[in-house]
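Worksheet for the structure shown next.
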Amino acid sequence: MASLAPTFGRGAMTNHWVDIKNADLVLVMGGNAAEAHPCGFKWVIEAKEQRKARLLVVDPRFTRSAAVADFYTPIRTGTDIAFLGGVINYLLSNDRVNHEYVKNYTDFSFLVKEEYGCEDGIFTGYDAEKRKYDKSSWGYQIGPDGFVVADPTLENPRCVYQLLKAHYSRYTPEMVNAICGTPKEDFLKACAMIAETAATNKVMTIMYALGWTQHSQGSQIIRTGAMVQLLLGNIGMAGGGMNALRGHSNIQGLTDLGLMTNLLPGYMTLANEAEQDYQSYVAKRASKPLRPGQMSYWQNYGKFFVSTMKAWYGDAAKVENNWAYDWLPKLDKPHDILQVFENMHQGRINGYVCQGFNPLASAPCKIKISGALAKLKYLVIIDPLATETSEFWQNHGEYNDVDPSKIQTEVFRLPSTCFAEEDGSLVNSSRWLQWHWKAAEPPGEAKGDQAIMAGIFLKLREMYQKEGGALPDPILNLTWKYKQSDDPSPEELAREFSGAALQDLPDPKEPGKILLKAGQQLNGFAELRDDGSTSCGCWIFAGAWSEKGNLMARRDNSDPFGIGQTLNWAFSWPANRRVLYNRASCDVAGKPFDPKRKLIDRKSVV
């Protein structure tokens, strides 16, 4: 997410599982899809059987994916960036790039500031004492018209193409061999296979998983892979893309809804401590067009933010209080899992609510995690199972050698339901919101997560009403208008994050015409407003539950184009778009680069 979002605009799998069957070449790095994602890997086999696609695996181990690969080459652990850098050098040195694509859909021709540079691996603006960069020189040259200066000829030494070529010239096959241990002839063969997909009738997809996403330089690895795909023109194309393979059924939904310490729903970001001014906060995040005619839906950041605040705070969020912006926390620094357990280990955290998470079995340094949990006053576990974390205080010999008598942490286990015991939606790697139905009653006293969280919230709100607090407003003013306040239904929550009109919405193009009446569900995020007239819990989910009903529950798998575009199966964010950035699958006039794998055409883009 930290690499795909800055590169393309959103941090998610660009294509989808079924679309992998449209690839001509599948590159597997940073993962072992055949073993870890066997159901999804069937589409790789489909591509091999139906399209005669080839599978290229680059991995330190000879995995099960490598066992069925057309070509496998080894790499030393942690050297992926050098390998991919060598691929970039090969593509640029041999002019194996999709020129029409990169000139029109990337910053290839943009001129970079004169003061920007890189010497001995250090970029301009580095403060050795503070070990931080001043990034003011990291940007494009802006012309008098307010747009980025570009050189369509690509001859200016300050254009991105020339700087990129010079920077990656050091990644020679010999350098790749020395760093990665990959035999030179193997590396060149892999490059040749990859370079073939620069042709408009060829396309490559990259599949990766935890080997990249959880690496200490994971964001940089994925960013480098994304640059490879842009050079080849493989983003927005059927059978192309950067496809992060999620290992859990709803891990995509977790990030979509902002359950990361620096995020709000829909990949909006929390403000930093220095950002106390609302207008400055929005202006910094609302993308400005770099070139005439450039489009980016992040230009509508204010509409997304205001609509989210209306979903959270209703009438209490108004223009006079900057739509409740001041009630949101402002980050002093990242507070990810490592920082949280560091704070816990230092005794700076008294209580921890652990919902659907098992850090003792998944976070690094088990001894430190266990020691940190032992310093808490209380630990709340919300999970259908008895996890290692819920029993961290028990002695299990060499597997968990602790002294329970010295652990004073009080553990509260709140048994929750599993997916088969509740209605609701799951978001898979493909960004599909798929509704599922309850199949069985939960055992014993288990409750749904929303009932557990509602119970905690209502009790906290009652305490704030009686006793007050340092900042009670965000708690007391939170909208909670559910039919059953102690157990909000999945349907109510789904309609809330899909969004609704709070007032009659006039058509800005036709005065007097009403697009939606107050109370009606939104059709999509294009209807969001920044004047408080719309509410939407997660802008990328907008339209998932429209006036047509629950689109997540659709189960029509018809495929009229024969390329896996089952548009009436469930709902894919955003706007039911199955392949992100699909405008780039056509030239500037709207003609598809590959008519046999057409996603959109001239009629769609004019």
Side-chain angles (χ1 to χ4, degrees), residues 4 7-8 12-29 31 33-34 37 39-57 65 68-71 87 91 96-98 100-102 105-106 190 192-209 222 225-245 428-432 557 559-567 569 572 577-587 591-601 604:
L4 296 184
T7 306
F8 305 134
M13 187 178 191
T14 60
N15 293 44
H16 58 93
W17 280 109
V18 182
D19 181 70
I20 293 169
K21 74 175 187 177
N22 298 313
D24 296 297
L25 177 66
V26 178
L27 171 60
V28 174
M29 290 183 71
H37 302 87
C39 294
F41 194 74
K42 65 173 284 188
W43 299 110
V44 177
I45 302 302
E46 185 87 0
K48 286 168 64 65
E49 291 182 349
Q50 301 299 324
R51 295 193 57 83
K52 307 304 177 186
R54 292 180 292 173
L55 172 60
L56 170 61
V57 174
S65 299
V68 294
D70 294 274
F71 184 62
V87 173
L91 297 176
R96 301 298 297 274
V97 300
N98 187 329
E100 183 175 8
Y101 184 101
V102 294
Y105 301 133
T106 76
M193 294 171 68
I194 292 170
E196 289 180 16
T197 66
T200 55
N201 64 340
K202 297 286 185 180
V203 69
M204 175 181 74
T205 188
I206 296 180
M207 298 170 64
Y208 63 93
I222 299 167
M227 287 194 288
V228 170
Q229 288 292 66
L230 286 175
L231 290 172
L232 296 166
N234 286 333
I235 298 298
M237 299 287 291
M242 289 291 294
N243 293 315
L245 311 182
N428 67 4
S429 299
S430 305
R431 296 170 285 103
W432 296 358
N557 64 352
D559 181 15
F561 305 106
I563 57 173
Q565 294 290 88
T566 53
L567 300 180
W569 180 281
S572 178
R577 195 166 299 142
R578 306 297 161 130
V579 176
L580 291 176
Y581 323 114
N582 57 22
R583 175 60 182 87
S585 66
C586 300
D587 62 19
K591 180 182 177 182
F593 285 123
D594 185 355
K596 294 182 179 179
R597 286 174 282 197
K598 180 176 70 173
L599 293 171
I600 59 174
D601 55 23
S604 305

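Sequential numbering from 1 along the given sequence is applied to the chain's residues.
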Rounded to the nearest 0.5 Å, how far does [atom2] of [Y] lie from [atom1] of [X]?
{"X": "Lys591", "Y": "Asp601", "atom1": "NZ", "atom2": "CG", "result": "12.5 Å"}
{"X": "Thr566", "Y": "Asp19", "atom1": "OG1", "atom2": "CG", "result": "10.5 Å"}
{"X": "Lys52", "Y": "Arg54", "atom1": "NZ", "atom2": "CZ", "result": "13.5 Å"}
{"X": "Lys21", "Y": "His16", "atom1": "NZ", "atom2": "NE2", "result": "9.0 Å"}
{"X": "Met242", "Y": "Tyr581", "atom1": "CE", "atom2": "OH", "result": "11.0 Å"}
{"X": "Arg51", "Y": "Lys596", "atom1": "CZ", "atom2": "NZ", "result": "8.5 Å"}

List the atom of [X], the atom of [Y], and the distance in Å for their closest heavy-atom pair.
{"X": "His37", "Y": "Ala209", "result": "CE1-CB, 4.1 Å"}
{"X": "Ile600", "Y": "Cys586", "result": "O-SG, 3.4 Å"}
{"X": "Ile235", "Y": "Gly241", "result": "CD1-CA, 3.8 Å"}
{"X": "Leu25", "Y": "Met193", "result": "CD2-O, 3.5 Å"}
{"X": "Ala47", "Y": "Ala23", "result": "CB-O, 3.9 Å"}
{"X": "Leu55", "Y": "Asp70", "result": "N-OD2, 2.7 Å"}

So, [X] side chain and [Y] main chain: donor-acceptor pair closer than 3.5 Å or not?
{"X": "Asn201", "Y": "Asp594", "result": "no"}
{"X": "Arg597", "Y": "Asn22", "result": "yes"}
{"X": "Asp559", "Y": "Ile563", "result": "yes"}
{"X": "Thr14", "Y": "Leu580", "result": "no"}
{"X": "Ser65", "Y": "Ala34", "result": "yes"}
{"X": "Arg96", "Y": "Leu232", "result": "no"}
{"X": "Thr205", "Y": "Val26", "result": "no"}

Any [X] side-chain heavy atom under 4.5 Å of [Y] side chain:
{"X": "Met204", "Y": "Gln229", "result": "yes"}
{"X": "Asn243", "Y": "Ser429", "result": "no"}
{"X": "Val44", "Y": "Met207", "result": "yes"}
{"X": "Leu599", "Y": "Gln565", "result": "yes"}
{"X": "Thr197", "Y": "Asn234", "result": "yes"}
{"X": "Leu567", "Y": "Arg578", "result": "yes"}
{"X": "Trp569", "Y": "Val18", "result": "no"}
{"X": "Asn15", "Y": "Ile20", "result": "no"}

Query raised in the report: Do the ring planes of Tyr105 and Phe593 sit parallel (below 30°), tilted (30 to 60°) or perpendicular (above 60°)?
Result: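 Answer is perpendicular, since the angle exceeds 60°.
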Query raised in the report: When Val57 is tested against each of Val68, Leu27, Val28 for side chain to side chain contact (heavy atoms under 4.5 Å, CB included), which residue passes?
Result: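 Among Val68, Leu27, Val28, the one that satisfies the side chain to side chain contact (heavy atoms under 4.5 Å, CB included) with Val57 is Val28.
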Requested in this report: Answer yes or no: are there more than 12 heavy-atom neighbours, outside Lys42 itself, under 6.0 Å from its atom NZ?
Outcome: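 For Lys42, atom NZ is not crowded (no more than 12 foreign heavy atoms under 6.0 Å).
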